Amino acid sequence: MLDMQLFEDFVTVRLQRELRGQFEVASQRRLHFDVERQVQMKPDLTFRRAGDTVGVADIKYKLASRKESDPDGAYGRAADYYQLLAYMTALDMDEGTLIYSAQANDIAVKSQDGANLLNSTIAVRNMDKRVHAVAIDLSGSPSDIDDQISALSEHLAGSAGISV
């Protein structure tokens, strides 16, 4: 069983450490969805560089999964995609990332450095926006988890247009 707040804190701290010097990784930064500043939002992670927001991610308190009826479909749940799309829209971002935990048998994609990182991407209809869903498996060794956090860091930097 996974303590979901612990998972969010773990991922946040590890990404802050991994991306130090490349990005400021802010947790729960307050922003507004609307011009009148009436609808408040707090994405789990925003990434800033030289004072500009260059990325957004949301850490989900659930295991990544695909619908049984569509085993090749996107990971995650529709409501999670909608929430991240709202953050992306408010921040004028073309890409955003959902971060899930995964069970070892769900890990299907390997990053170029060999780290396991479950990953799926969807292109949003009628918009030039892409939503990524990634998942890390915390059941491996500390070294395996470090590799996955590194792969996640590379993914986030790449989606922000920065090479690591």
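All figures in this text were calculated on a predicted structure; none of them were measured in a lab.
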State the [atom1]-[atom2] distance between [X] and [Y], to the nearest 0.5 angstrom.
X	Y	atom1	atom2	result
Ile59	Phe10	CD1	CZ	10.5 Å
His32	Lys42	NE2	NZ	10.5 Å
Ser150	Ile145	OG	CD1	12.0 Å
Leu31	Thr46	CG	OG1	8.0 Å
Lys60	Asp80	NZ	CG	4.5 Å
Thr53	Glu24	OG1	CD	8.5 Å

## Note on the structure
Smallest heavy-atom separation, Ser159 atom then His132 atom, equals CB-NE2, 4.2 Å
### Summary
In terms of heavy-atom contacts, Met93 and Val54 come closest through SD-C, 3.5 Å
Are [X] and [Y] connected in the hydrophobic side-chain network, where two residues link if heavy atoms are under 4.5 Å apart?
X	Y	result
Val13	Leu19	no
Leu85	Val39	yes
Val131	Met127	yes

### Message
Using the rule given for side chain to side chain contact (heavy atoms under 4.5 Å, CB included), can you reason through Ile99 versus Leu45, listing the C-alpha separation, both sets of side-chain angles and the distance that settles it, and then say yes or no?
### Response
CA-CA 10 Å; Ile99 302 169; Leu45 298 172; 4.2 Å; yes
### Message
For Arg30, give me all partners under side chain to side chain donor-acceptor pair (under 3.5 Å), at least two apart in sequence or on another chain.
### Response
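Arg30 satisfies side chain to side chain donor-acceptor pair (under 3.5 Å) with Gln40 once adjacent residues are dropped.
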Got a donor-acceptor contact below 3.5 angstrom from the [X] side chain to the [Y] backbone?
X	Y	value
Gln16	Val25	yes
Asp58	Leu98	no
Gln148	Asp137	yes

Is any side-chain heavy atom of [X] closer than 4.5 Å to a side-chain heavy atom of [Y]?
X	Y	answer
Tyr87	Asp44	no
Leu91	Arg29	yes
Lys129	Thr89	yes
Ser153	Leu156	no

### Task
Step by step, work out the side-chain hydrogen bond (donor to acceptor under 3.5 Å, both in side chains) result for Thr97 and His155.
CA-CA 9 Å; Thr97 302; His155 160 80; 2.8 Å; yes
### Task
Assess the side chains of Asp146 and Ser143: does a donor N or O sit below 3.5 Å from an acceptor N or O?
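Not at all, the side chains of Asp146 and Ser143 share no donor-acceptor pair under 3.5 Å.
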### Message
Between Phe7 and Ile136, is the side chain to side chain contact (heavy atoms under 4.5 Å, CB included) condition met? List the steps.
### Response
CA-CA 10 Å; Phe7 176 64; Ile136 56 176; 4.0 Å; yes
### Query
For atom CG of Asp34, is the number of surrounding heavy atoms from other residues, nucleotides or ligands below 6.0 Å larger than 12?
yes
